[in-house]
A.B. asks: 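Attaching a single structure in structure tokens format; questions to follow.
FYI, side chains are in, hydrogens and waters are out, and symmetry mates aren't considered; it's all heavy atoms of this structure. Computed from a predicted structure; not experimentally measured.
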Amino acid sequence: MTGLLLNALLGLGLGRFASVWGLLTFLPVVAIELTYDACVHHLGMSGGIRRAAALLVCGQLTFLLGALMRPMRGETS
């Protein structure tokens, strides 16, 4: 659950303030979460793949939500 929250917050921040190349920062976060789950919770390969897919999809969707929150060109705030 912590990984999903971390990816959601990271995705919102990157979508709002960074470019598409910021999506590459999700890969180390997902790798660290999978390593933690494999070592501590003894997660198997199929569970790891499902968890990685869920983390990446969550991060990408919140990135798109953050991109929608960007101000339009010429808009004053």
A.B. asks: Is there a side chain to side chain contact (heavy atoms under 4.5 Å, CB included) between Arg51 and Leu55? Walk through the geometry before answering.
C.D. replies: CA-CA 6 Å; Arg51 178 110 173 123; Leu55 288 170; 4.1 Å; yes
A.B. asks: Check for me, please, whether Val29 and Leu24 land in the same ILVMFWY cluster - side-chain distances under 4.5 Å, paths through other members count.
C.D. replies: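 Same hydrophobic cluster.
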A.B. asks: Roughly how far, to the nearest 0.5 Å, is the CG atom of Asn7 from the CG atom of Leu61?
C.D. replies: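 Here the interatomic distance stands at 11.0 Å.
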A.B. asks: Sequence neighbours left out, what passes ring-ring contact (aromatic ring centres under 6.0 Å, His included) with His42? Give chain and number order.
C.D. replies: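 In terms of ring-ring contact (aromatic ring centres under 6.0 Å, His included), with neighbours along the sequence ignored, His42 is linked to no residue.
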A.B. asks: Quick one: closest heavy-atom pair of Arg70 and Gly15, and the distance?
C.D. replies: NE-O, 2.8 Å
A.B. asks: Same hydrophobic cluster for Leu12 and Leu5, using side-chain heavy-atom links shorter than 4.5 Å among ILVMFWY?
C.D. replies: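 Shared cluster, no.
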A.B. asks: Determine, using the 4.5 Å side-chain heavy-atom cutoff (strictly less than), whether Leu64 and Leu9 are members of one ILVMFWY cluster.
C.D. replies: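 No, Leu64 does not connect to Leu9 through the hydrophobic network.
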A.B. asks: So do the side chains of Val30 and Leu56 get within less than 4.5 Å of each other, counting heavy atoms only?
C.D. replies: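 Side chain of Val30 against side chain of Leu56, heavy atoms only: contact under 4.5 Å found.
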A.B. asks: Could you measure the distance from the CG atom of Leu14 to the OG1 atom of Thr62? Nearest 0.5 Å is fine.
C.D. replies: 8.5 Å
A.B. asks: Answer whether the closest heavy-atom distance between the side chains of Leu23 and Val20 falls below 4.5 Å.
C.D. replies: yes
A.B. asks: So if you build clusters from Ile, Leu, Val, Met, Phe, Trp, Tyr with side-chain heavy-atom gaps below 4.5 Å, do Phe26 and Leu34 land together?
C.D. replies: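 Yes, it is one cluster - the side chains of Phe26 and Leu34 are joined through contacts under 4.5 Å.
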A.B. asks: Output the rest of the hydrophobic cluster of Met45: all Ile, Leu, Val, Met, Phe, Trp and Tyr residues reachable through side-chain heavy-atom contacts under 4.5 Å, sorted by chain and number.
C.D. replies: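 Answer for Met45: Ile49.
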